[in-house]
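Have a look at the structure below before the remarks.
First the proteins, then the strands, lettered A, B, ... as listed; each starts at 1. On a predicted model such as this, the values are computed, not experimentally measured, just so you know.
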Amino acid sequence: MNYTLLAEQFFNGFQLGIILFLVAAGLTLIFGIMDLVNLAHGTLYMFGAFFASTLVAVTDSLVLGMILALPVMLAAGLLLEFSILRTLYERNHLDQVLATFGLILFFNELFLIVWGPEGTGINLPPYLTGTITLPGGITVPEYRMVIIASGLLVALLLYVLVSKTRVGMLIRAGASNREMVGALGINIKLLFTLVFGLGAVLAGFAGMIITPITQADSGMGESILILAFVVIVIGGIGSIKGAFIAAILTGLIDTMGRSFIDVALLQIMDTVAAETAGPAISSMMIYILMAIILAIKPSGLFPPKGA
Amino acid sequence: MTEIMLKVENLVKHFGGLVATDSLNIEVEQGEIHAVIGPNGAGKTTLIHQLSGMLESDSGTIHFDGQEISHMSSANRCHAGMVRSYQITSIFKDFSVLDNVAMSIQAREGHSFRFWKNANKDAVLAGKAREILVEMGLEERAEVLADNLAHGEQRQLEIAMALATDPKMLLLDEPMAGMGPEESSRVTKYLESMKGKYTMLLIEHDMDAVFALADRITVLVYGQAVACGTPEEIRGNEEVRHAYLGDD
Amino acid sequence: EKIKVGIVLTLTTPASIMGKQMKAAYEVAYDHLGGKMGGKELELIFEDDGLKPNIGKQKTEKLVKKDKVDFLTGYIWSHVLGASAPVALKAGKIFVSANAGHSLYAGKKCHKNFFNAAWENSQNSMAMGTMLNQRGVKNLYILSLNYAAGKQMVAGVERTFKGNVVGKDLVPTSHKDWSAEIAKVKAAKPDGVFVFYPGSWGLAFFTQYKQAGLDKTTPLYSVFSVDGANLPVYQKRKMKHMIGTFNTMFWAPDLDNAVNKRFVADFAKKYKGQIPSHYAAQAYDSLMLIAAGVKAAGGDAKNTDAVRKGMEEADFGSVRGKIKFGKNHFPIQNFYARQVINKNGQWQLSVRQTVVEDHAPVMSNECKL
Amino acid sequence: MNLEILKTPRGIYNSLLILLCIFMPWIAPAIGQDFFTDVFGRIMIVAIAAISLNLIMGFGGMISFGHAVFVGIGGYAVGIFASHGIESAYIQWPVGLLMSGLFALIIGAISLRTRGVYFIMITLAFAQMIYFLSVSIEKYGSDDGLTIDARSDFGIPFYDLNDALTMYFTVFVLMVACLLITRKMVNSRFGRVIRAAKSNDERMHTIGYPTYGYKLTAFVIAGMMCGLSGLLSANFEDFVSPDMMFWTFSGELIFIVVLGGMGTIMGPLGGAIIFLLLSEVLSNITNSWHLIFGPFLILVVLFARGGVEGFLAKFEKSPEAKS
Amino acid sequence: MADLLRVDNIESSYGASQVLFGISIEVGVGEVVTLLGRNGMGKTTTVRSIMGLMQPHAGEIHFKGEAIHAEPSYKVAQAGLGLVPEGRQIFPNLSVYENLVATAANRGDKAEPWTIEKIFDLFPSLAERQTNAGNQLSGGEQQMLAVSRALMTNPDLLILDEATEGLAPLIRDDIWRVLGELKSAGQSILVIDKNVDALTRIADRHYIIEKGKVVWSGDSEALKQDEDLQHRYLGV
Ligand SMILES: Nc1ncnc2c1ncn2[C@@H]1O[C@H](COP(=O)(O)OP(=O)(O)OP(=O)(O)O)[C@@H](O)[C@H]1O
Ligand SMILES: Nc1ncnc2c1ncn2[C@@H]1O[C@H](COP(=O)(O)OP(=O)(O)OP(=O)(O)O)[C@@H](O)[C@H]1O
Ligand SMILES: [Mg+2]
Ligand SMILES: [Mg+2]
């Protein structure tokens with residue numbers, strides 16, 4: 001057994017988990033807590049990637065471009081909420097699904113036309129392109145460390161906001177009973193608009209921070225969206241802590257699966273069978289994980305209180 | 001000697017550190033109306049949850065009508081003849097009032113794996129359902145969507161649905177809560193007229209109704225039965241007055 | 001009486017990057033034919049398959065039944081082809097795949113009216129394996145997408161590569177983060193990495209390859225991942241480490257023949273000044289192949305037997321020089337090693353050497369024609 | 001025939017849907033769009049899948065996000081047998097239906113332990129597993145799919161699925177049968193149990209229904225009905241591929257049901273016709289048809305609560321209980 | 001006495017079915033007023049109309065002289081109305097503590113506003129359950145929480161719909177006692193309850209509602225005297 005590889009893969013799984021959490025964070029806010037099934041969350045993620053790419057190119061600075069992209073995301077989120085989504089809170093989940101699917105179709109096509117089929121991307125500045133060598137000989141691209149740090153920061157901020165502040169309480173209260181929150185003197189419409197805006201910023205942030213690694217293309221949001229839903233469901237819908245732990249778990253399982261399943265299968269079957277089964281099982285890994293967890297704990301790992 | 005319909009022995013339920021039901025023993029005789037009263041949070045609803053199978057007990061046994069039902073599913077307990085009503089209204093909101101009651105009647109007529117015949121036109125179901133609505137004074141509202149009923153009317157429907165399963169024993173969780181004086185006195189009268197036909201475990205904070213109806217009363221405090229006796233005995237019990245009744 | 005050719009391509013979704021080049025190439029071919037085939041007026045009808053087999057089939061039906069086309073061509077994806085080809089073949093039409101190298105159609109399922117103007121899926125990577133041998137690669141790490149074409153690519157390279165395969169990973173198409181695979185590559189210390197990551201996967205993978213510092217230690221070899229369609233994108237994104245990498249292909253823009261020179265020049269005029277990709281080249285050849293058939297039939301496109309005969313002769317100026325068809329109607333052709341170079345500020349692919357000559361799909365003799 | 005239904009906009013619309021399906025093989029050539037017959041054949045096959053989804057989702061509240069997997073199972077039953085040269089419908093069809101039912105039983109048995117969004121996601125999980133499985137089996141074409149050389153053979157003279165009209169009306173008759181079955185079933189005692197369980201599952205238990213068994217039964221019935229759609233699809237398209245069980249198709253089925261009107265009998269058919277016809281027509285106008293189609297879906301949700309059926313029901317005088 | 005709340009001839013409907021047919025009521029500063037009537041007569045609908053939870057299609061509602069009948073409910077609440085709704089409607093996914101503080105405010109600019117401590121003194125069982133989620137409370141505890149939650153907004157006018165539903169006699173007495181104390185501190189209250197006796201003890205005036213109309217109004221004395229009235233409209 002190669003222990004450096006094992007440690008490195010463990011680390012990779014962790015950072016994949018952080019990326020998943022970043023995407024799931026905004027979704028936890030909008031879907032988990034506000035209870036809006038927003039399929040267009042992936043679209044917001046794509047917004048972030050494209051806006052930031054363009055702004056980074058214009059300003060020729062990664063940091064400046066990304067910082068400028070945040071208010072743009074906020075504006076985009078508010079606009080979307082104000083024009084279409086705010087009428088959907090009181091609708092059932094399926095209406096929300098259909099309408100936000102409409103948004104996906106529209107924006108994917110629009111972005112395809114505006115940015116072309118090749119999409120866009122962000123080049124890392126020289127000071128972020130190196131690799132860091134951790135104790136034990138693990139080498140990690142510098143930029144991945146940036147992602148991890150920002151993921152942890154977002155996790156912390158979000159946890160505090162939702163669990164410890166009055167705004168957080170009001171969001172949760174509003175999700176369970178909008179009418180009553182209003183009757184107690186809170187402008188719930190405004191509050192939800194702002195929270196949606198924050199969710200959009202988080203989605204956009206995830207999109208932009210990943211772009212230097214994966215590049216950006218139209219439709220990039222959909223496959224990650226499914227993963228984000230998986231993470232949230234495994235964690236228990238509405239729980240920030242759950243989303244975080246589930247994201248890390250998913251990242252680890254997926255990475256470990258992709259790293260070692262083929263080796264493991266070779267122990268028990270012949271090469272041909274292992275080479276067919278290996279990739280198949282590693283693709284299925286997170287779905288198997290979700291099915292097992294839900295079969296045992298039908299409300300996810302950390303169902304929030306009272307939900 | 002009258003038969004014991006329900007026998008609860010050493011029943012326990014914990015919620016985390018809280019003991020909601022604490023080694024509880026209760027016997028309910030066939031045909032009696034047995035009231036359970038006690039302060040808010042004493043564990044009355046929890047007891048009903050346990051009896052009806054909504055909550056798994058930590059330990060203890062429940063015997064009903066000669067068989068042990070401690071681990072039966074709630075549907076089976078209902079088939080065995082024990083049915084509950086809810087303190088917080090639980091009805092089929094997007095069904096008409098009549099259909100709400102008809103669902104209960106359908107349940108008692110055996111399994112529902114009948115895929116073809118139109119049940120909406122089933123005279124048996126509708127007829128019996130209507131009878132029950134008449135008894136509960138809801139007949140004029142039969143076709144209304146249950147969601148559109150006023151709160152008090154929904155409370156009436158709540159009981160109608162329990163009655164419609166044709167139970168041997170009714171577990172009533174604050175049936176009169178939310179009803180106006182007239183409606184609650186009607187329900188009181190109705191329950192009184194059903195005395196003997198059903199065995200009833202009645203939870204109620206409306207003391208007028210309790211003292212009018214109950215044959216025996218158990219007083220629950222912190223999950224324990226602190227007193228059990230006839231209405232007169234309970235009314236006279238100093239401890240109960242102190243813990244629950246106040247000095248009216 | 002016009003001659004109508006129905007062309008099914010992917011013109012939406014990010015995959016349209018290839019489809020659009022092919023469309024332009026068909027238009028160049030149309031111009032070169034003077035808008036005529038066998039003396040008759042020619043009409044091209046383009047349809048978009050949206051990258052879905054059922055849509056592709058639907059569009060094929062429409063072309064056959066509504067537009068009543070005489071030929072069908074285009075078809076970038078094997079699964080779209082698998083759904084669509086039977087419709088055309090049942091209707092007695094001649095079908096020319098301009099990209100999808102569905103291996104069954106080269107072997108068991110070969111059909112008298114089915115032609116392929118491109119290649120069979122594993123051919124190119126077989127050439128790659130040979131090239132790796134020629135270049136002295138001993139330990140190879142293989143990376144590909146986990147779907148049929150991806151596996152055929154892998155099978156191809158393994159068929160001819162003589163060294164050790166020290167690792168192999170097939171990732172699902174939903175993945176865009178290769179940290180796990182890259183760590184394995186690093187640990188395996190190969191002296192070459194072979195990848196099949198077309199389109200946006202390539203963009204993401206090559207970016208991460210560099211971020212992990214692998215570009216400095218391990219040379220990259222690829223098939224269908226670095227091509228004329230996405231090279232301008234690599235250049236725009238300043239992915240300099242792609243320069244110098246090798247891939248194999250049956251064609252290159254600087255392949256030295258007159259038809260090719262004219263094609264490359266006219267294509268650039270038509271399409272944003274770009275150098276054509278092999279997708280464009282195949283598309284051009286597909287229409288020329290059909291034209292050769294129609295010409296042989298004296299302009300009678302309905303005379304399928306005559307047209308087919310003419311197509312089998314393949315007597316036309318191909319961008320790859322002279323083209324020859326096997327009895328399975330797949331080309332028998334040379335494969336070249338190509339290298340990414342920077343020529344006058346424009347990145348392009350340049351032929352380095354001929355890797356294999358007159359290569360035919362391995363399953364050709366399964367064809368019972 | 002009861003002509004009463006023609007007095008409401010909904011009635012007229014529903015009759016129109018059926019008439020369109022019956023007469024399309026003659027209408028299409030008359031308007032010079034022959035291939036519309038194929039389009040409608042395909043629409044009806046999708047409609048069957050949507051009808052089956054509506055049965056559990058619209059009436060039973062079980063939102064399956066993996067429903068397309070049963071289309072795939074039905075389809076591969078035909079495809080796999082055909083690839084081994086077994087073309088008899090009497091083997092293909094029963095096996096296809098049984099396998100769909102069996103998978104529905106397994107998936108349902110586990111998934112029904114959960115509810116709400118958890119149910120949505122666990123059904124998706126199972127569908128994805130089966131999808132990845134089908135992608136990895138190279139013997140049956142992997143994601144390139146399987147071309148089917150011969151359609152199911154019923155061995156009845158003059159009844160040959162290779163004949164376009166026979167195929168079309170086979171689909172039509174089976175679709176109508178599914179509509180009737182749904183209609184009968186949702187109004188039966190069984191159907192009422194399913195609908196009430198959607199409304200308030202806990203209460204169902206306390207009045208004596210072990211709803212799990214009922215829901216599972218409905219899930220299996222829907223799975224088999226959806227498998228039927230797959231059997232037809234394989235025959236109609238002469239092709240099966242993993243694509244037909246990818247989550248996007250499951251999603252489309254949900255959209256179709258919601259668009260048409262959830263929990264109504266004819267909703268799925270209307271939804272299928274509108275969804276697929278509009279895609280067909282719009283995509284022939286421009287490649288960027290999603291720019292129009294997306295906003296259209298949004299408008300439907302914003303302004304027509306309850307889909308098309310809900311929209312039309314607004315014009316009825318007395319809001320009738322679900323028919 | 002100065003008018004705090006004035007409801008003028010309002011008519012309200014649920015969709016097509018009209019429920020209120022011209023209801024007029026007034027609550028003065030420092031006054032305790034009740035709405036009486038049998039089930040389904042429109043008491044809750046009146047309260048919902050006042051609170052802006054539904055818009056009356058005719059008539060006017062003024063609070064402290066300002067028209068509020070067209071305002072959204074949060075503005076109505078901010079103007080100084082506090083609601084204890086029918087059926088409790090506490091937030092099931094918030095803890096008891098969070099239920100209390102989430103919407104807390106000092107709307108009436110009280111010198112000595114309600115605080116968590118005061119609430120816990122009033123209802124000790126809530127103090128014990130501070131960390132329970134709302135739906136992990138017994139029915140009566142939920143009712144206590146609903147009352148407390150409204151008090152924590154320190155409203156000028158407290159509205160209680162089914163004030164003591166589900167409360168044990170002792171606690172019920174507590175509630176009446178508290179309402180009495182609040183009244184003496186100058187709190188205006190509009191209350192709905194079926195406990196006519198208790199209501200006549202603490203309230204100044206009463207309105208009886210029948211089929212969406214006010215059929216009688218008067219003070220406690222008058223109501224106590226008129227047994228026929230009680231019987232006819234209240235079934236007592
Ligand atoms: N799910 C739960 N988790 C934790 N504690 C709970 C839960 N459900 C109930 N409790 C607590 O258990 C105790 C008993 O509750 P129960 O509902 O049985 O009371 P009750 O006697 O019915 O009161 P009431 O008369 O107010 O309805 C209460 O203190 C309540 O807070
Ligand atoms: N959401 C609704 N939709 C339609 N009708 C409704 C709705 N809510 C209440 N109603 C009807 O309005 C009428 C008045 O209801 P309201 O709730 O105001 O009565 P109430 O006087 O508060 O009765 P209770 O004492 O039972 O609470 C009733 O006939 C009821 O059926
Ligand atoms: Mg209780
Ligand atoms: Mg009321």
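- Between A:M169 and the choices E:T103, E:L94, E:N99, the side chain to side chain contact (heavy atoms under 4.5 Å, CB included) rule is met once, by E:L94.
- Both the backbone and the side chain of E:V101 come within contact range of chain A, each with at least one heavy atom under 4.5 Å from a heavy atom of that chain.
- Atom CD of E:E66 has 12 or fewer heavy atoms from other residues, nucleotides or ligands within 6.0 Å.
- Using a 4.0 Å cut-off between charged side-chain N and carboxylate O, E:R48 and A:E179 make a salt bridge.
- Among E:S95, E:P85, E:A105, E:A150, the residue making the largest number of heavy-atom pairs under 4.5 Å with chain A is E:P85.
- In this structure, E:E98 does not pair ionically with A:R166, as no charged nitrogen and carboxylate oxygen lie closer than 4.0 Å.
- Listed options A:L184, A:I188, A:I186, A:V167 were ranked by heavy-atom pairs under 4.5 angstrom with chain E; first place goes to A:L184.
- Contact count against chain E (heavy-atom pairs under 4.5 Å) is highest for A:G185 among A:G185, A:A175, A:A183.
- Other residues, nucleotides and ligands contribute only 12 or fewer heavy atoms inside 6.0 Å of the NZ atom of A:K189.
- What you find for E:A77 and A:G182 is that their closest heavy atoms are CB-O, 4.1 Å.
- Counting non-hydrogen atoms of neighbouring residues, nucleotides and ligands closer than 6.0 angstrom, the OH atom of A:Y89 exceeds 12 such neighbours.
- Applying the 6.0 Å contact sphere to OH of E:Y14 captures more than 12 heavy atoms from other residues, nucleotides or ligands.
- At most 12 heavy atoms of other shown residues, nucleotides or ligands fall within 6.0 angstrom of atom NZ in E:K213.
- Here the straight-line distance linking atom OG of E:S73 with atom CE of A:M180 works out to 9.0 Å at 0.5 Å rounding.
- Atom OH of A:Y159 sits in a sparse spot, with 12 or fewer heavy atoms from other residues, nucleotides or ligands closer than 6.0 Å.
- Distance alone, capped at 3.5 Å, places no donor-acceptor pair between the A:N187 side chain and the E:Y74 backbone.
- Of the listed residues (E:R107, E:K75, E:M51), the one with the most heavy-atom contacts under 4.5 Å to chain A is E:R107.
- In this structure, the side chains of E:F91 and A:L170 stay at 4.5 Å or more apart for every pair of heavy atoms.
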